[in-house]
Amino acid sequence: MKNVLLRGVFRPLIERLGTMLAAYMIARGFDSDLTAQLMNALVAALFVGLDLVTAAMGRHYDETKLLGEFDRPHRKWEDD
């Protein structure tokens, strides 16, 4: 059910979000300076979000790698 909602409703909505924003901005008559500021803010938010996601993924990878090393016995100790 969740996949049906994602594929049928949310995915097309997200794919057309840019078109909806552009149509709204044209209909409201935003000037180019305001539009440029809005686009700069959206790009900045996108890059900050990307930075946060990659930092979280890096921390998760480091934690799982560290825990994985402690869970496995070391080869040099097995031979003794």
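Everything numeric here is computed off the predicted structure, so don't read it as measured data.
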Heavy-atom count check: over 12 atoms from other residues, nucleotides or ligands less than 6.0 Å from Met20 CE?
yes
Quick check: is [Y] connected to [X] through a chain of hydrophobic side chains (ILVMFWY, heavy atoms under 4.5 Å apart)?
X	Y	answer
Leu50	Val43	yes
Tyr24	Ile26	no
Met39	Leu21	no

Could you tell me whether the side chain of Arg16 and the main chain of Pro12 form a donor-acceptor pair under 3.5 Å?
yes
Which ILVMFWY residues are connected to Leu46, directly or by a chain of links, through side-chain heavy atoms under 4.5 Å apart?
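Under the 4.5 Å side-chain rule, Leu46 groups with nothing.
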